[in-house]
Amino acid sequence: MFHPSTVMQLTNVSSRRKPRRYSTTADEAAVLIRPASIDDEPDIARLAALEERPELAGGERLVGELGGRIVAALEVRSGRAVADPFVPTTAILELLGLRAAQVRR
């Protein structure tokens, strides 16, 4: 599960109130959403194997990194995703979906 302050940071971005500043602690990690590269293939295959699902097909894909480690991946065209079942990735998958919608436009 995400640290409560991380959730507050995400919700405060869209609020009308002035956003609060939060300090980063050791149990929080930065989330990065980016296009997948050829170097990410082993990590994406690992996620599919962990979920016991077929690997994501080729084409444009996005990955979500948590603390510098790929924990989720999504096919832009189909929206099919794989994620590490041992890491809380619900919010990361939502961010991947939002970014995929932007890329498809």
*How far does CG of Leu98 sit from CD of Gln102, to the nearest 0.5 angstrom?*
7.0 Å
*asked:* Between Ile33 and Ile92, is there a side-chain heavy-atom distance shorter than 4.5 Å?
replied: yes
_Nearest 0.5 Å, please: how far is CZ in Arg104 from CZ in Arg99?_
11.0 Å
*asked:* Quick one, Arg34 and Leu62 - any side-chain contact, counting heavy atoms below 4.5 Å?
replied: no
*State, with a plain yes or no, whether a side-chain heavy atom of Arg61 is found less than 4.5 Å away from one of Arg80.*
no
_Beyond-backbone contact of Arg69 with Asp84, side-chain heavy atoms, under 4.5 angstrom_ = yes
*Nearest heavy-atom neighbours spanning Val76 and Ala100*: CG1-O, 4.0 Å
*Apply the side-chain contact (heavy atoms from CB on, under 4.5 Å) test between Val82 and each candidate in Thr89, Val71, Leu74, Leu56; give the one that qualifies.*
Leu56
_Asp40 versus Pro35, closest heavy-atom pair with distance_ = OD2-O, 4.2 Å
*Does Glu75 use its side chain to pair, donor to acceptor, with the backbone of Ala57 at less than 3.5 Å?*
yes
_I'd like to check Leu96 versus Leu93 (side-chain heavy atoms, cut-off strictly below 4.5 Å). Are they in contact?_
yes
List the atom pairs, donor and acceptor, that lie under 3.5 Å between side-chain atoms in residues 43-52 and the rest of the protein, sequence neighbours left out.
residue, atom, partner, partner atom, Å
Arg46, NH2, Ile70, O, 2.9
Glu51, OE1, Arg53, NH1, 3.4
Glu51, OE1, Ala83, N, 3.1

